[in-house]
Colleague: 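Okay, handing you the structure first.
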Amino acid sequence: LELMEAYLYPEYEVMTAYNGYEGLDIIEKENIDLVLADVMMPDIEGYEVCNILKNAPRTRFIPVIIVTALSNRKDRIKGFEAGADDFLTKPVDQLELKTRIRSLLKIKELNEKNESERNLARNYLDIAGVMLTVFDTEGKIQLMNKKGCEIIGCTDGSLIGENFYETLVPERYREMGIIQHQQFISGNIEGLESFEAPILTLDGEEREILWHNTPLLGRKDEITGILCSGEDITERKRAEEALLKAEEMHEKEIHHRIKNNLQIISSLLDLESSKFTDPGVVQAFEKSRDRVHSIAMANEEIYRSKEMGKVNFRNYVQDVVDYLYHMNEHQTEFININIESEDILMSFDDATHLGLILNELIMNSFKYAFPEGKGNIHIGFHRSDREFTLCVEDDGVGIPVKEISRTDTLGLELVAELVEQINGIIRIDGTSGTKYTITYQDQTHSKKDISFENKTQCNTNTAVNELL
């Protein structure tokens with residue numbers, strides 16, 4: 001041992017062990033590059049030491065040289081079976097020792113480099129859990145990774161040379177895809193680095209892919225192809241659509257139940273009014289009933305709407321008018337109502353406010369505008385840019401008040417409050433009949449909630465107290 005240590009010093013750092021287990025302990029604790037093991041040791045043979053090292057993941061690539069006085073063929077075979085990388089026969093020649101060590105260390109260095117590169121490539125593949133594809137300038141597939149083959153349903157390399165757009169792009173997107181490919185190849189890549197587009201699997205199924213595209217450059221910086229990474233977001237999109245549909249159904253169901261509860265309140269108010277004979281008290285109950293029913297109809301429109309959380313205002317206006325006609329048929333037999341409304345979807349809050357305003361203004365016309373019981377009412381609603389305009393006009397006797405703030409009528413006071421809550425403006429023209437014009441901006445308003453704590457929670461007691 002001392003002789004070999006002298007041969008190797010100072011070119012190598014040598015750590016000496018005087019038996020097999022001591023050597024294994026050193027190897028366990030230190031970073032050893034090469035092991036010289038004598039066949040004959042006090043505790044275990046060098047063959048067994050070699051076998052232990054070659055079967056351990058951490059040490060299996062450490063070169064092992066068996067040093068022995070035995071030189072027959074059987075002993076060498078036994079050493080190679082144990083995993084030995086080389087043999088040295090005693091007495092050891094210094095030049096031969098250094099040559100063998102230098103050669104094995106070089107092999108070890110190359111093995112470690114190859115292993116490192118393999119691990120790096122493996123990590124890249126593991127990280128890239130997405131479809132990786134390379135197209136040439138003509139759109140032909142030059143490379144497709146394993147994930148891409150899994151998504152499309154092909155074997156490795158089977159689509160190499162095929163035109164991507166003719167093979168894997170749905171027909172309705174094919175022409176646009178080819179145009180965008182040519183645009184990208186020409187260097188105009190703005191807006192094409194990332195987008196969502198479907199592909200066809202070999203089974204004919206469409207999969208939604210989120211693409212990220214990078215140009216591949218040649219020696220003269222010309223674009224020679226496109227590297228595309230694609231994430232299959234099909235299941236995510238389906239889950240989002242299912243969740244949205246479930247939320248929509250849930251919200252509609254809530255609004256439907258709220259509508260039913262409000263209709264019960266409306267019926268209770270109607271029933272309660274029958275206990276009184278005082279016309280003023282009965283009228284107060286009827287007004288409250290109509291206001292509650294107006295909110296109920298807005299909830300019904302939400303339930304019927306094709307767009308979550310939106311009310312078709314034209315349909316809603318018609319419902320309010322039909323209801324008021326029915327509930328006041330003894331007064332409305334000779335009163336005509338003309339409705340001109342754009343087909344506008346609006347938020348539940350805005351619709352509720354406008355519905356209550358309509359309720360008050362129409363009832364005012366029914367009761368005060370036509371002493372002879374006949375006339376015409378016109379309702380108009382339109383949008384210009386971000387401004388909404390609601391107009392309620394009758395050809396009755398008119399009213400002297402031109403500013404709503406000057407009236408002491410409870411119904412018009414409520415109208416003024418509702419208009420203020422949507423940050424709107426109301427104008428009254430009483431020169432020829434009565435005309436109410438309300439304008440407000442389409443924006444997020446700070447409103448006092450009339451019927452709900454939020455869009456899906458009903459506070460019925462608060463709502464009724466507001467309206468009574």
Side-chain angles (χ1 to χ4, degrees), residues 258 262 284 287-299 301-302 309-311 313 316-317 320-321 324 341-342 344-369 377-394 398-430 434-455 457-468:
I258 292 171
L262 289 172
K287 284 185 176 181
S288 297
R289 175 202 65 197
D290 293 343
R291 291 163 186 162
V292 171
H293 196 84
S294 175
I295 299 174
M297 284 187 287
N299 281 276
E301 279 298 325
I302 284 279
K310 297 294 185 180
V311 173
F313 192 68
Y316 180 41
V317 171
V320 171
V321 169
L324 293 177
S341 174
E342 295 179 23
I344 295 173
L345 291 175
M346 65 170 56
S347 70
F348 174 79
D349 287 344
D350 283 353
T352 303
H353 282 75
L354 294 178
L356 287 169
I357 291 170
L358 272 175
N359 183 86
E360 298 302 321
L361 298 182
I362 292 172
M363 286 303 300
N364 266 6
S365 294
F366 283 169
K367 292 183 178 181
Y368 306 119
I377 299 173
H378 177 267
I379 299 172
F381 185 76
H382 65 271
R383 176 176 186 169
S384 177
D385 294 328
R386 296 185 61 182
E387 184 175 84
F388 290 105
T389 301
L390 173 65
C391 181
V392 180
E393 181 179 7
D394 65 56
I399 61 173
V401 179
K402 293 187 178 181
E403 294 182 14
I404 198 166
S405 59
R406 292 166 53 192
T407 182
D408 58 358
T409 306
L410 179 60
L412 291 183
E413 285 180 359
L414 178 59
V415 169
E417 175 67 18
L418 291 167
V419 172
E420 183 180 344
Q421 288 170 10
I422 59 174
N423 296 328
I425 299 172
I426 182 168
R427 297 179 180 86
I428 303 177
D429 183 358
T434 305
K435 181 178 181 180
Y436 302 91
T437 304
I438 298 163
T439 58
Y440 73 97
Q441 297 293 316
D442 181 17
Q443 57 187 357
T444 302
H445 310 299
S446 176
K447 305 188 194 78
K448 185 177 181 181
D449 200 345
I450 299 240
S451 59
F452 301 100
E453 290 181 340
N454 55 47
K455 287 187 179 181
Q457 249 187 329
C458 178
N459 189 331
T460 305
N461 291 332
T462 302
V464 175
N465 288 336
E466 281 273 356
L467 297 167
L468 289 179

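What you see below is based on every heavy atom in this structure, not just the backbone, and it leaves out hydrogens, waters and symmetry mates. These numbers come from a predicted model, not from an experiment.
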Colleague: Can you tell me how far apart CG (L390) and CD1 (I357) are? Round to the nearest 0.5 Å.
Modeller: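 Going from the CG atom of L390 to the CD1 atom of I357 covers 7.0 Å.
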
Colleague: Carefully, step by step, assess R427 and T439 under the rule side chain to side chain contact (heavy atoms under 4.5 Å, CB included).
Modeller: CA-CA 9 Å; R427 297 179 180 86; T439 58; 4.0 Å; yes

Colleague: Just by distance, do the side chain of Q421 and the backbone of H353 share a donor-acceptor pair under 3.5 Å?
Modeller: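 Absent.
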
Colleague: What pairs with D394 under side-chain hydrogen bond (donor to acceptor under 3.5 Å, both in side chains), at least two apart in sequence or on another chain?
Modeller: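 With neighbours one apart ignored, the set is S365.
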
Colleague: Could you walk me through whether F381 and M346 pass side chain to side chain contact (heavy atoms under 4.5 Å, CB included), step by step?
Modeller: CA-CA 12 Å; F381 185 76; M346 65 170 56; 3.4 Å; yes

Colleague: Going through the checks in order, is the side chain to side chain contact (heavy atoms under 4.5 Å, CB included) test met by I377 and F366?
Modeller: CA-CA 9 Å; I377 299 173; F366 283 169; 3.8 Å; yes

Colleague: Could you pull out the closest heavy-atom pair between C391 and K435, with the gap in Å?
Modeller: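 Shortest heavy-atom separation between C391 and K435 comes out as SG-CE, 3.4 Å.
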
Colleague: To the nearest 0.5 angstrom, please state how far the CG atom of L354 sits from the OH atom of Y440.
Modeller: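 That separation rounds to 4.5 Å.
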
Colleague: When F388 is tested against each of E342, H382, R383 for side-chain contact (heavy atoms from CB on, under 4.5 Å), which residue passes?
Modeller: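 For F388, the side-chain contact (heavy atoms from CB on, under 4.5 Å) test succeeds with only one of E342, H382, R383, which is R383.
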
Colleague: Are the side chains of L412 and N364 in contact, using a 4.5 Å heavy-atom criterion?
Modeller: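 Result yes, sub-4.5 Å side-chain heavy-atom pair found.
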
Colleague: I need the I438 CD1 to I425 CD1 distance, nearest 0.5 Å.
Modeller: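 The CD1 atom of I438 sits 11.5 Å away from the CD1 atom of I425.
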
Colleague: So how far is it from T437 OG1 to E393 CD, rounded to the nearest 0.5 Å?
Modeller: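 Here the interatomic distance stands at 7.5 Å.
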
Colleague: Can you tell me how far CG of N359 sits from CG of L324, rounded to the nearest 0.5 angstrom?
Modeller: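 Spacing of CG (L324) from CG (N359) equals 5.0 Å.
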
Colleague: State which residues pass side-chain hydrogen bond (donor to acceptor under 3.5 Å, both in side chains) with E387; sequence neighbours excluded, sorted by chain then number.
Modeller: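 Q441.
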
Colleague: How close do F313 and S341 get, heavy atom to heavy atom, and via which atoms?
Modeller: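 Here F313 and S341 meet closest at CD2-OG, 4.2 Å.
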
Colleague: State, to 0.1 Å, how close L361 and V415 come at their nearest heavy-atom pair, and which atoms those are.
Modeller: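 It is CD2-CG2, 4.1 Å.
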
Colleague: Are V317 and L358 close enough, and set up right, to give a side chain to side chain contact (heavy atoms under 4.5 Å, CB included), and what steps lead you there?
Modeller: CA-CA 8 Å; V317 171; L358 272 175; 3.7 Å; yes

Colleague: Indicate yes or no: at least one non-hydrogen side-chain atom of I362 is less than 4.5 angstrom from one of I379.
Modeller: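 In short, these two side chains touch, coming nearer than 4.5 Å.
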
Colleague: Can you tell if the side chain of L418 reaches within under 4.5 Å of the side chain of I422, non-hydrogen atoms only?
Modeller: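 A side-chain contact is absent here, since even the closest heavy-atom pair is not under 4.5 Å.
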
